[in-house]
Amino acid sequence: MKTPINGTDLLELGYPQGSIIGTALKINKKRNGLTKEQMLDHYKKVLQAPENYIDDALFGKLATALIEKANEKPEDFISLNPQPKAFSSYGLDHIEEGAIQQMKVAMQLPVTAAGALMPDAHQGYGLPIGGVLATRNAIIPYGVGVDIGCRMALSVYDIPEDFYYQNEDKFKRELIAHSKFGAGHGFHGQYKSDHAVLESPDFETNPFIKNLKDKAWSQLGSSGGGNHFVEFGILEFAADDAVLDIPKGKYVALLTHSGSRGFGATVAGHYTKIAKEVCRLPEAARNLAYLDMDSELGQEYWIAMNLAGDYASACHEIIHNKMQQALGATVLAKVENHHNFAWKEVWNGEEVIVHRKGATPAGKGVMGIIPGSMTAPGFLVRGKGEENAINSASHGAGRQMSRTKAIKTITKNEMQGILKQHGVTLIGAGLDEAPMAYKDINQVMAAQQELVDVVAKFTPKMVRMADDGSRED
């Protein structure tokens with residue numbers, strides 16, 4: 001087994017932070033017959049004299065990257081504003097420093113109009129997860145995120161709480177029968193679903209998008225890996241809700257969380273790469289490369305992003321329709337909202353592009369769902385339209401533990417114990433999705449009382465996730 005080399009090893013040798021370390025680590029995966037010490041010695045020599053390694057089969061790409069970086073000049077890049085604009089933040093005491101620093105960099109972009117950080121924020125790529133950024137006439141693919149249009153969808157049934165407990169086996173059977181999970185997984189032959197979204201003329205935008213249609217059709221109605229789920233729970237209205245026309249009481253509800261699957265992920269990767277080529281930003285802001293909305297590329301991405309959002313919505317619609325028919329239930333209300341998206345909105349009197357990466361719209365009267373974890377409650381909310389938050393709220397509890405750390409520190413017994421304590425049946429999922437890996441949802445909700453009103457409380461009872469837990473599209 002090869003002894004691993006990590007980014008810290010390379011930083012200690014003097015390698016600059018950023019993409020070059022990624023290039024170097026890829027080379028390490030291809031090493032044959034060299035010990036860790038020998039590899040590090042080579043890395044040191046390449047850094048000191050890259051010109052000697054230009055034609056080297058293993059280190060040539062790294063040597064070229066080092067020479068190009070050494071010849072870069074400040075004028076080769078779009079300048080950042082030296083002083084970042086101020087941004088609003090909620091629950092700042094419980095947000096990691098990495099996410100705060102990422103937000104500060106985003107506020108330095110020349111196209112930035114305003115920003116806000118939600119209480120579930122944590123570090124991501126480019127814009128932090130839980131980051132909201134309003135820009136002028138520019139769209140940032142990594143400001144939207146990889147899982148474009150990821151969303152929550154809720155169906156409230158005319159089924160009382162007691163019926164669930166009396167028929168748990170039936171709910172489990174239907175949950176397994178009508179959901180499918182995991183990166184790459186889809187339906188084939190007679191099991192494929194159909195939906196009007198597949199007839200969208202936007203699939204004809206260009207050959208790249210057109211070639212993704214078959215993948216989109218195969219995965220239509222499925223859910224991804226990672227933190228995506230389909231679950232049954234009890235939704236409690238503490239008071240009558242006139243807007244939804246639902247009386248006070250407890251109801252069985254279906255809650256789903258998933259996005260645009262492989263289609264959205266491929267779109268995100270493709271246009272992020274292009275954005276980095278046409279919008280050269282300094283290393284610290286590289287993942288925030290943007291496309292001008294007046295350009296052909298900007299319009300291409302905008303169309304593809306909206307199509308991915310429509311596709312994600314169609315996936316939820318199919319799951320919810322299948323479940324409703326299987327249960328023979330009447331749906332009293334449906335609520336759906338999404339994150340990892342960009343909207344054209346008016347803020348402070350001007351039209352801006354509002355990126356919400358792991359944050360959801362919370363304009364006045366806008367409905368949303370903010371989940372906790374597989375054992376913590378979720379909340380049906382109504383937005384207050386807080387301008388300082390750019391009409392946004394959190395998209396969940398947010399991670400307090402990385403996937404790697406969760407797998408290393410949480411045991412199966414600990415996870416099973418907390419599931420039993422909360423009376424939750426779990427189908428699938430890995431230790432990386434254990435409840436302990438997430439922030440306290442009550443703390444998160446307390447930090448955004450000025451952003452949303454709680455309408456009802458959702459208590460998970462039966463949760464299905466991808467068997468491998470960690471894989472995402």
Side-chain angles (χ1 to χ4, degrees), residues 151-168 170-171 174-175 178-179 229-258 313-339 360-386 391-397 422-424 441-442 444-446 448-464:
R151 63 195 59 222
M152 308 294 305
L154 177 78
S155 286
V156 187
Y157 298 129
D158 64 337
I159 300 175
E161 180 183 18
D162 288 347
F163 184 85
Y164 171 80
Y165 294 113
Q166 294 161 7
N167 296 273
E168 283 189 64
K170 174 179 174 58
F171 281 94
E174 303 302 353
L175 184 57
H178 301 295
S179 61
F229 59 77
V230 177
E231 63 188 30
F232 287 115
I234 306 302
L235 188 67
E236 181 178 5
F237 287 81
D240 297 349
D241 190 85
V243 177
L244 294 178
D245 193 25
I246 294 182
K248 172 183 175 180
K250 295 181 178 181
Y251 304 83
V252 174
L254 176 73
L255 182 60
T256 54
H257 174 219
S258 193
S313 182
C315 287
H316 284 268
E317 184 182 338
I318 287 166
I319 295 168
H320 282 249
N321 286 346
K322 283 181 177 179
M323 214 68 77
Q324 180 189 358
Q325 291 170 15
L327 295 173
T330 297
V331 174
L332 302 177
K334 285 187 78 172
V335 176
E336 183 178 329
N337 71 336
H338 55 297
H339 46 273
T360 47
K364 192 166 182 60
V366 173
M367 299 297 297
I369 307 115
I370 301 175
S373 72
M374 61 178 71
T375 57
F379 297 90
L380 179 61
V381 300
R382 188 170 283 123
K384 290 186 174 183
E386 175 55 52
N391 297 308
S392 306
S394 81
H395 82 313
H422 287 84
V424 173
I441 185 62
N442 294 304
V444 170
M445 295 305 295
Q448 55 184 345
Q449 290 181 36
E450 59 190 290
L451 310 186
V452 293
D453 285 318
V454 173
V455 175
K457 180 179 177 180
F458 177 88
T459 303
K461 286 298 170 186
M462 187 175 289
V463 181
R464 187 176 188 192

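Reckoned from all heavy atoms, side chains included, excluding hydrogens, waters and symmetry mates.
Of all non-hydrogen atoms in A329 and Y157, the two that sit nearest each other are CB-CD2, 3.7 Å. Here the closest heavy-atom approach between residue E450 and residue E386 is recorded as O-CB, 3.8 Å. Here the shortest heavy-atom pairing between K461 and H422 reads NZ-O, 3.7 Å. Summarising the geometry of V455 relative to R382, their closest heavy-atom pair is CG2-NH1, 3.6 Å, with the distance given to 0.1 Å. Across all non-hydrogen atoms, the minimal contact from I246 to A333 is CD1-CB, 3.7 Å. Taking every heavy atom of both residues into account, M445 and V454 meet most closely at CE-CG2, 3.9 Å.
Interatomic distance, CG of N167 versus CD1 of I159, reported as 9.0 Å (0.5 Å rounding). To the nearest 0.5 angstrom, E174 atom CD is 12.0 Å from K322 atom NZ. Once rounded to the nearest 0.5 Å, the distance linking CG of L235 with CG of L154 reads 5.5 Å. Atom CE in M152 sits 7.0 Å away from atom OG1 in T256 (nearest 0.5 Å). Note that OH of Y251 and CD1 of I234 are 12.0 Å apart. Values are rounded to the nearest 0.5 Å. To the nearest 0.5 angstrom, L332 atom CG is 10.0 Å from S155 atom OG.
Around the NZ atom of K170, the shell of radius 6.0 Å holds more than 12 heavy atoms that belong to other residues, nucleotides or ligands. In the displayed structure, K457 atom NZ is contacted under 6.0 Å by at most 12 heavy atoms of other residues, nucleotides or ligands.
Partners of L175 according to the side chain to side chain contact (heavy atoms under 4.5 Å, CB included) rule, which considers only residues two or more places apart in sequence or in another chain, are S179, V230, F232, M323, I427, M462, R464. By the ring pair (Phe, Tyr, Trp, His ring centres under 6.0 Å) test, H316 pairs with no residue at all, sequence neighbours left out.
Ring orientation note: the planes of F171 and Y164 are tilted relative to one another, at an angle of 30° to 60°.
Remark: the Q448 side chain and the S394 side chain contain an N/O donor-acceptor pair separated by less than 3.5 Å. A side-chain donor-acceptor contact under 3.5 Å links E336 and S313.
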Exercise answer: donor-acceptor pairs, residues 362-381 side-chain atoms, under 3.5 Å, sequence neighbours excluded:
{"unit_1": "S373", "atom_1": "OG", "unit_2": "T375", "atom_2": "N", "d": "3.3"}
{"unit_1": "S373", "atom_1": "OG", "unit_2": "A376", "atom_2": "N", "d": "3.1"}

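Taking the six-membered ring for Trp and the full ring otherwise, H320 and H178 have centroids separated by 6.0 Å or more.
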- Item | Verdict with supporting geometry, V252 and F163, side-chain contact (heavy atoms from CB on, under 4.5 Å) | CA-CA 8 Å; V252 174; F163 184 85; 5.5 Å; no
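We find that K248 and D241 are not joined by a salt bridge, their nearest charged nitrogen and carboxylate oxygen being 4.0 Å or further apart.
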